[in-house]
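Each chain gets a letter, A, B and so on, in the order the sequences are listed, and its residues count up from 1.
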There are 2 protein chains.
Amino acid sequence: MTDQTMTIRQMCEDFDVTPRTLRFYEAKELLFPQREGQKRLYGKRDRARLKLILRGKRFGFSLEEIRQLLDLYYMNDSQATQLRETYVLAEKHLADMKAQRAELDEAIAELQTQMDWGRSRLAQIDPQQAKAS
Amino acid sequence: MTDQTMTIRQMCEDFDVTPRTLRFYEAKELLFPQREGQKRLYGKRDRARLKLILRGKRFGFSLEEIRQLLDLYYMNDSQATQLRETYVLAEKHLADMKAQRAELDEAIAELQTQMDWGRSRLAQIDPQQAKAS
DNA sequence: CGTCACGTTTACGTACACGTCATCTTTTCT
DNA sequence: AGAAAAGATGACGTGTACGTAAACGTGACG
């Protein structure tokens with residue numbers, strides 16, 4: 001684990017995942033760490049990719065969708081022919097995320113309304129412990 | 001399907017789910033439609049609950065988490081003892097959603113940056129078809 | 001009266017995202 | 001050197017969220 005690369009353990013601790021998960025992502029071609037003999041060595045690129053993978057998961061994208069999106073972030077010059085295609089895909093995902101944000105805002109507002117109601121109910125029942133928002 | 005109630009088909013069309021899904025949610029105690037003989041009849045309450053279920057799913061909550069959250073929205077007076085407990089749970093979910101929104105904002109910003117870069121690349125390669133944002 | 005369309009239950013099947021052994025090298029510590 | 005720790009591969013298991021097929025009931029329609 002010279003230089004900028006790290007072992008699987010280190011990665012697991014940094015990102016709070018298991019070795020199994022990292023090997024699984026590799027099998028699904030979302031990560032491709034270098035090998036030093038048998039051992040996997042994760043570099044800067046892998047860390048950046050993993051960050052995006054985990055983020056994508058939190059937003060409900062499947063690993064397969066994420067795999068395709070990673071192409072946008074790690075496009076090289078020789079893949080210029082696929083650039084437009086990838087760009088269109090990215091537009092869809094961006095629209096998805098914006099829609100999700102709008103819905104999320106609405107959901108937050110509604111839940112907060114419910115909680116205001118709940119808090120007033122609590123205040124009636126149990127006046128001494130009422131909290132502020 | 002008198003009055004304010006509707007059949008399973010109608011529900012499926014309105015919410016774009018399958019009958020299997022609705023029965024599954026019922027088995028998991030997220031929905032409890034009335035019965036007219038054998039047949040399920042979905043009322044206003046069920047529709048509101050289903051809306052929340054589908055929303056929760058889009059935000060990455062499991063059905064079990066959603067089931068617990070539904071208690072907040074459909075709390076009745078006799079469950080006042082559980083109100084505080086439910087309130088605390090709701091606070092966690094609200095915090096979750098706010099964190100998710102923050103991350104989502106970041107992700108949107110980053111993706112947009114990437115797309116700006118991609119668009120400029122496209123413009124170089126293929127000047128006539130360049131689009132605006 | 002038959003035959004659909006719609007609904008029900010029960011049961012098995014499936015895709016996804018890993019968890020959990022078992023077994024085997026390869027390092028690393030003492 | 002010997003044991004423990006870390007890493008690898010392969011295979012099978014697991015939880016979630018349904019899909020799908022079989023077998024049956026039941027009201028509506030030509």
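- Contact check for A:Thr5 versus A:Glu36: no side-chain heavy atoms found under the 4.5 Å cut-off.
- Listed candidates were D:dA6, D:dT9, C:dA17. Nearest to the side chain of A:Arg9 is D:dA6.
- Counting only residues at least two apart or in different chains, side chain to side chain donor-acceptor pair (under 3.5 Å) contacts with residues 40-52 of chain B comprise B:Glu26-B:Arg40.
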Worksheet, complete the sentence: Dot-bracket assigned to DNA chain D with the 3.5 Å Watson-Crick/G-U criterion, [ ] for crossing and | for other-strand pairs, is ||||||||||||||||||||||||||||||

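- Rounded to whole Å, the distance from CG on B:Leu54 to C1' on D:dC18 is 13 Å.
- When heavy atoms are screened at a 4.0 angstrom cut-off, B:Lys57 is found touching the sugar-phosphate backbone but no base atom.
- When rounded to the nearest whole Å, the span between CG of A:Leu30 and P of C:dC18 equals 10 Å.
- To the nearest 0.5 Å, atoms OH (A:Tyr73) and OG1 (B:Thr113) are separated by 8.5 Å.
- Note on B:Arg40: every side-chain N or O is 4.0 Å or more away from OP1 and OP2 of C:dC6.
- Using a 4.5 Å heavy-atom cutoff, the side chains of A:Phe59 and A:His93 are not in contact.
- In this entry the distance linking CZ of B:Arg58 with P of D:dA17 reads 15 Å, nearest Å.
- With distances taken from any side-chain atom of B:Thr18 to the nucleotides C:dT9, D:dG19, D:dG7, the minimum falls on D:dG19.
- Shown here are the side chain to side chain donor-acceptor pair (under 3.5 Å) partners of B:Thr18, two or more places apart in sequence or in another chain: B:Thr21.
- Within the model, atoms CD1 of B:Ile66 and NZ of B:Lys57 stand 7.5 Å from one another, a figure rounded to the nearest 0.5 Å.
- Counted within 6.0 Å of CD on B:Gln34, heavy atoms from surrounding residues, nucleotides or ligands total 12 or fewer; the atom is thus considered open.
- Atom CD1 of A:Ile8 is separated from atom P of D:dA6 by 13 Å (rounded to the nearest Å).
- A:Leu31 has its CG atom 11 Å from the P atom of C:dC18, to the nearest Å.
- For residues 96-111 of chain A, the set of pairs meeting the side chain to side chain donor-acceptor pair (under 3.5 Å) definition, not counting sequence neighbours, comprises A:Arg101-B:Asp105, A:Glu103-B:Arg58, A:Asp105-B:Arg101, A:Glu106-B:Arg55, A:Glu110-B:Arg55.
- Contacts with DNA chain C (heavy atom under 4.0 Å) in residues 19-27 of chain A: A:Arg20, A:Thr21, A:Phe24, A:Tyr25, listed by number.
- Rounding to the nearest 0.5 Å gives a distance of 11.0 Å between CG of B:Leu41 and CE of B:Met11.
- One atom, CG of A:Leu50, and another, P of C:dC18, lie 11 Å apart when rounded to the nearest Å.
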Fill in: Worked check of side chain to side chain contact (heavy atoms under 4.5 Å, CB included) between B:Leu63 and B:Ile53
CA-CA 7 Å; B:Leu63 293 184; B:Ile53 292 167; 4.3 Å; yes

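- Here C:dA17 presents its C1' atom at 14 Å from CD of A:Glu64, a figure rounded to the nearest Å.
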Worksheet item: What string of B, S and - do you get for nucleotides 23-30 of chain C, 5' to 3', if B is base contact, S is sugar-phosphate-only contact and - is no contact with any protein heavy atom under 4.0 Å?
Response: --------

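- Residues B:Arg67 and B:Glu64 meet the side-chain proximity criterion, which asks for heavy atoms closer than 4.5 Å.
- In this entry the distance linking CZ of B:Arg67 with P of D:dA17 reads 12 Å, nearest Å.
- OP1 or OP2 of C:dG7 sits under 4.0 Å from a side-chain N or O of B:Thr7.
- B:Val17 has its side chain within reach of B:Leu54: a pair of non-hydrogen atoms, C-beta onward, lies under 4.5 Å apart.
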